[in-house]
Amino acid sequence: MPSLILASYSAVMADERNSDQSARGGIMIPRDEDCDPGIFRLQNNPFKALGILVFLATALVVTVFKQRGRFVELRHDWVDMENKFEEPFQCPTAQQLGKPDIWTPNEHGKPMQVKVLVYNLYWWSLFKKRGGNRGSAGKLIRQHSQHRFDFMAFQECFNIGWVLGDAGLENEYELHQGPYGKCLALHRATWEVAKTGHTVVAEDTYWNWYGKRGVQWLRAMHRASGKHVFFMNYHGALSVNSGGKCGGWTTAHNLLKVARDNGRHGDTIVFVGDFNS
């Protein structure tokens, strides 16, 4: 008769539980022997539960840290950045930067007018995903070129010939494809290039990192007046309004140093870009 004894015992236990529930206002309070031992121990030992959470969080952080190279690679592929893995940028000291002394432009002689276009093309979306959207950027540039731009500066630009080709203006401009997705175009009939270059001045913060940040520059002579312009095109470091890993003060002084080192006294300095600030 073991089965009958077990059935009777189970029925008695059920009656006792129902009686306990009625006596406690209809709320079933589980007994210790009904609880899972592991859960019960965690409920009564919050420090152990906290320790497990800390362990899991630490494991997640370590995994992300070890896979950071892969995350960076995927991010670069997404936005079409080149030069994926380089030596870290070394932040210059105040002594290396020197004083931010910038001259006043030469205002004597014939007048000089300058028309400038600044355009972040969002290459990853407009060109990589949508194939140029039937030349929409070029058509927009052409629409505003009744009086030609003297300089055009582009950020997130990986093929300046494609952009100006869509505008039908590639033969009128001297095109300069720079590193880190920056491009310059200069109107040939109005300007003569004297010097061009690119200088790395910053690097993104580690938590919002896409790479180093440089300024693309050129020095050009205005044919009609003989005056010179020192033109700078910059795509600012992330995170926004930080100046990058070296900070805003250092990055700003580094940009001034580029103008001081490569321009000449009397040049009109034109500094444009998407500053991320």
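As the structure is a computational prediction, the values presented were derived from the model and not from experiment.
Residues Trp191 and Arg223 come closest through the heavy atom pair O-NH2, 3.1 Å. Here the closest non-hydrogen pair linking Asn276 and Ala237 is CB-O, 3.8 Å. Shortest non-hydrogen contact noted between Asn254 and Pro92 is ND2-CG, 3.9 Å. Closest approach of Thr190 and His187 over heavy atoms only: OG1-ND1, 2.8 Å. The two residues Ala153 and Val272 make their nearest non-hydrogen contact at CB-CG2, 3.6 Å. Residues Gln155 and Asn233 share a closest heavy-atom pair of NE2-OD1, 2.8 Å.
In the hydrophobic clustering of ILVMFWY residues, with side-chain heavy atoms under 4.5 Å counting as a link, Leu140 and Leu169 come out together. Taken together through direct or relayed side-chain contacts under 4.5 Å among Ile, Leu, Val, Met, Phe, Trp and Tyr, Leu218 and Met221 form parts of separate hydrophobic clusters. Under the 4.5 Å side-chain heavy-atom criterion for Ile, Leu, Val, Met, Phe, Trp and Tyr, Val193 and Val229 are members of the same hydrophobic cluster. Hydrophobic cluster membership differs between Val258 and Leu97, with clusters built from Ile, Leu, Val, Met, Phe, Trp and Tyr side chains linked at under 4.5 angstrom. One hydrophobic cluster holds both Leu175 and Tyr119 under the rule that ILVMFWY side chains link at heavy-atom gaps under 4.5 Å.
Residue Tyr122 qualifies as open at atom OH: its count of foreign heavy atoms under 6.0 Å is 12 or below.
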Next item on the list: Apply side chain to side chain contact (heavy atoms under 4.5 Å, CB included) to the pair Lys182 and His198, showing each step before the final yes or no.
Entry: CA-CA 10 Å; Lys182 290 184 296 297; His198 181 276; 3.3 Å; yes
Next item on the list: Quick one: do Trp207 and Leu238 satisfy side chain to side chain contact (heavy atoms under 4.5 Å, CB included)? Show the steps, please.
Entry: CA-CA 9 Å; Trp207 63 86; Leu238 294 171; over 6 Å; no
Margin query: What verdict does the ring-ring contact (aromatic ring centres under 6.0 Å, His included) test give for Phe158 and Phe154, after you've listed the backbone C-alpha separation in whole Å, the side-chain angles of each residue and the deciding distance to 0.1 Å?
Written below: CA-CA 9 Å; Phe158 295 90; Phe154 301 95; over 10 Å; no
Item checked: ring-ring contact (aromatic ring centres under 6.0 Å, His included) evaluation trace for Trp217 with Phe231 -> CA-CA 5 Å; Trp217 53 266; Phe231 193 90; over 10 Å; no
Note to self: Applying side chain to side chain contact (heavy atoms under 4.5 Å, CB included) to Val118 and Val116, what does each step give before you reach the verdict?
What the structure shows: CA-CA 7 Å; Val118 187; Val116 176; 4.0 Å; yes
Item checked: CA sep, side-chain torsions, deciding dist, call: Arg188, Glu172, salt bridge (Lys or Arg N to Asp or Glu O under 4.0 Å) -> CA-CA 6 Å; Arg188 295 178 186 273; Glu172 296 185 36; over 6 Å; no
Note to self: Quick one, Leu184 with Phe151, criterion side chain to side chain contact (heavy atoms under 4.5 Å, CB included). Give me CA distance, side-chain angles, the key distance, then yes/no.
What the structure shows: CA-CA 7 Å; Leu184 284 175; Phe151 299 92; 5.9 Å; no
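Contact annotation: the side chain of Val163 never approaches that of Met152 to less than 4.5 Å [non-hydrogen atoms, C-beta and beyond]. Counting heavy atoms from C-beta on, the side chains of Phe230 and Phe271 never come closer than 4.5 Å. Counting only heavy atoms from C-beta outward, the side chains of Arg264 and Trp103 never approach each other to under 4.5 Å. Side-chain atoms of Thr199 and Tyr234, non-hydrogen and from C-beta on, never get closer than 4.5 Å to each other.
Side chain of Lys227 to backbone of His108: a donor-acceptor contact under 3.5 angstrom is found. Without hydrogens or angle criteria, Gln177 side chain to Ile160 main chain gives a donor-acceptor distance under 3.5 Å. The main-chain N or O of Asn241 is never found under 3.5 Å from a side-chain atom of Ser277 such that the two would form a donor-acceptor pair. Not a single donor-acceptor pair under 3.5 Å links the side chain of Tyr180 to the backbone N or O of His235. Checked by atom type and distance alone, the side chain of Gln216 pairs as donor or acceptor with a backbone atom of Cys183 at under 3.5 Å. In this structure a side-chain-to-backbone donor-acceptor pair under 3.5 Å is present from Asn159 to Gly161.
Looking at Gln146 and His144, their side chains never bring a donor and an acceptor atom within 3.5 Å of each other. Side-chain atoms of His253 and Lys99 include no donor-acceptor pair closer than 3.5 Å.
Salt-bridge formation is detected for the pair Arg219/Asp267: a Lys NZ or Arg NE/NH1/NH2 atom is positioned less than 4.0 Å from an Asp or Glu carboxylate oxygen. The existence of a salt bridge linking Glu203 and Arg213 is excluded, since no basic side-chain nitrogen approaches an acidic carboxylate oxygen closer than 4.0 Å.
If you take CG on Leu117 and OG on Ser145, they are separated by 7.5 Å, rounding to the nearest 0.5 Å. Here the straight-line distance linking atom OG1 of Thr205 with atom OH of Tyr210 works out to 11.0 Å at 0.5 Å rounding. Atoms NE2 and NE2, from His228 and His222 in turn, are 11.5 Å apart once rounded to the nearest 0.5 Å. Of the inter-residue distances, the one linking Ser239 atom OG with Lys245 atom NZ reads 14.0 Å to the nearest 0.5 angstrom. Taken from CE in Met232 to CG in Asn262, the straight-line distance is 8.5 Å, to the nearest 0.5 Å. For the atom pair OG1 (Thr268) and CG (Asn106), the distance works out to 7.5 Å, reported to the nearest 0.5 Å.
Cation-pi geometry between Lys212 and Phe89 is not met at under 6.0 angstrom from the ring centre and within 45 degrees of the axis.
Taking the six-membered ring where tryptophan is involved, the planes of Trp162 and Trp123 are perpendicular, since the angle between them exceeds 60° and thus also 30°.
Considering only residues two or more places apart in sequence or on other chains, Asp150 meets the salt bridge (Lys or Arg N to Asp or Glu O under 4.0 Å) condition with none of them.
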